[in-house]
Number of protein chains: 2
Amino acid sequence: MRASDTAYAALRDDILQWKYPPGTAFAEVEQATRLSISRTPIREAFARLTAEGLLVALPGRGLVVSDLSRDTIVELFELRVVLESEAARLVALRRDRDTFERLREEFAVATELLDNDDDLAAYYALVGRLDTAMDAAADSSFLVAAIRQLRPHLVRARRLARDNHARLVAAAAEHLTIVEAIVDGDAQLAADATAVHLKKSLKNILDSMDASSPSMQSRHES
Amino acid sequence: MRASDTAYAALRDDILQWKYPPGTAFAEVEQATRLSISRTPIREAFARLTAEGLLVALPGRGLVVSDLSRDTIVELFELRVVLESEAARLVALRRDRDTFERLREEFAVATELLDNDDDLAAYYALVGRLDTAMDAAADSSFLVAAIRQLRPHLVRARRLARDNHARLVAAAAEHLTIVEAIVDGDAQLAADATAVHLKKSLKNILDSMDASSPSMQSRHES
DNA sequence: TCCGCCTCTAATGTATACATACGCGTCAGG
DNA sequence: CCTGACGCGTATGTATACATTAGAGGCGGA
């Protein structure tokens, strides 16, 4: 594997895991030393992270890990609703029944995975497969690219939420509704169910933030 | 100005102007020689163009200018409709009346610019100011980033269309409708008018393509 | 004492030399 | 004649030395 890929993956992971919180400054020599490679592949990794929006060039302070405030998360989900609802609509119209029929069966029994902590990884993997299948079935390169652009930020946002059991059970039901709508070819329902799911996910994240550090909220104090 | 910026701007421009048609291979040494700089800033420029989607890494053939087929253009506009309608909706809700009232007055008399070829640049500049104002007023970093991602591809697509006088007059009227809806704070109308405008723009481009090279069309021949 | 300039320093930006890997062509064997 | 393997050549990938710029801190003058 190329050194620049390794560096990119390592830095990206560290940012997504909140090892480097927003505002952390990234210097080329520092990271080059840490990862035992030269500055050249580091520069390439920085460029990719900047293009993704995980790093931002702050005038005077070099590259820093991008902010992820409550407001930013709200904006992130507002766009997600628009994009993923559209994707769900397209997928329902395309009707790749085989793939989604299988996913429907898996989600139908997904709650069983949630009772056992060891199976949680399997549940998350299932959700990941759904995302992949949606990307493939939506079959619109620009739409998929736009959704992909949001995913790393979403991963960071999710880390702020504690996924309690009740929320996971509800989320599994929401996913099942989406998949069923796709299998049925009901585009409107697929889009609406996606919007519902995302708005509930957002609410869960915001509630978690409020619970753990109420000072972070930026609601107008009317 | 940094050499990498110069190289990026130059290459981007050449691609947008169709100086390098889709499929053209880009080699580092070749471009470095042509622009009289070293490979390092060229690599950075290539990375940025690849992130934008203007270049794609074709396994085995290096970087080539990305394709822009009829189907791709349709996908591009499908996403544009979704994103820009949402942006128009947000802008109408935010109601930054001053800015858009002034734009409304300008678009109200814009048809006069279209009668004189010398004023065409002024008209395009006006449309550009509208885009900028929308970006600022939408006030959603992710949404604006997604829209910006599409612009270079749109510029390339527009080059395929001949903007005849009739189309420009119609487009000016469509823009006026959008701006009026924003000034009135009618979010639904702003979104719908944006969708109408974009779908007509797409039709104009597709019609131009069919007229100039019917072989490029990819409609199913049913 | 405060403001502004100058200098030093530490960062990024650039050039280039070197390493490596992959594709293409050619040759030989079946 | 076709197929596969080997080697050459030209690309990208990496390291590093050098250039340049921008920021911080100190010093001097008002």
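The model shown is predicted, which means the values in this text are computed figures rather than measured ones. Just so we're on the same page: letters track the sequence lines, and every chain starts at 1.
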Here the distance between atom P of C/dA15 and atom CG of B/Leu35, to the nearest Å, is 11 Å
Between A/Glu174 and A/Arg167, does a salt bridge (charged side-chain N to carboxylate O under 4.0 Å, His left out) hold up when you go through it step by step?
CA-CA 10 Å; A/Glu174 290 156 20; A/Arg167 173 58 201 147; 3.0 Å; yes
Between P of C/dG13 and CD of B/Glu44, the distance in whole Å:
7 Å
Name the closest nucleotide to the B/Ala3 side chain, picking from C/dT14, C/dT12, D/dT12.
C/dT14
Could you check whether A/Gly60 gets within reach of a base, just the sugar-phosphate, or nothing at all, counting any heavy atom under 4.0 Å?
sugar-phosphate
Please work out if B/Phe26 contacts a base, only the sugar-phosphate, or nothing of the nucleic acid, heavy-atom cut-off 4.0 Å.
sugar-phosphate
Please report, rounded to the nearest Å, how far the C1' atom of C/dA10 is from the CZ atom of A/Arg61.
17 Å
In whole Å, what is the span from the CD atom of A/Glu30 to the C1' atom of C/dT12?
14 Å
Would you say A/Ser4 reaches D/dG13's phosphate, i.e. side-chain N/O to OP1/OP2 under 4.0 Å?
no
Looking at A/Thr40, I'd like to know whether one of its side-chain N or O atoms comes within less than 4.0 Å of OP1 or OP2 on D/dT14.
no
Between A/Pro41 and B/Val29, which is nearer to the 5' end of DNA chain D once each is assigned its nearest nucleotide?
B/Val29
Looking only at side-chain atoms of A/Ile37, point me to the closest of C/dG13, C/dA15, D/dA15.
D/dA15
Heavy-atom closest pair, residues B/Val144 and B/Asp135
CG2-O, 3.4 Å
Output the rounded distance in Å from CD (A/Glu28) to P (D/dT14).
15 Å
Rounded to whole Å, the CG-P distance (B/Leu58 to D/dA11) equals 17 Å
Rounded off to whole Å, could you give me the CZ-to-P distance for the A/Phe46 and C/dT12 pair?
7 Å
So that I know where these two stand, are A/Tyr8 and A/Phe46 an aromatic pair - ring centroids less than 6.0 Å apart?
no
Of the nucleotides C/dA11, D/dT12, D/dT14, which has the atom closest to the B/Ala27 side chain?
D/dT12
Look at B/Arg39 and D/dT12 and indicate whether a side-chain polar atom (N or O) is within less than 4.0 Å of OP1 or OP2.
no
Just by distance, no angles: are the side chains of B/Ser140 and A/Glu78 close enough, under 3.5 Å, to form a donor-acceptor pair?
no
Provide, to the nearest angstrom, the distance between the CD1 atom belonging to B/Ile42 and the P atom belonging to C/dG13.
16 Å
Under the 3.5 angstrom rule, does the side chain of A/Trp18 hit a backbone N or O of A/Arg156 as a donor-acceptor pair?
yes
Quick check on D/dG13: is either OP1 or OP2 less than 4.0 Å from any side-chain nitrogen or oxygen of B/Arg43?
yes
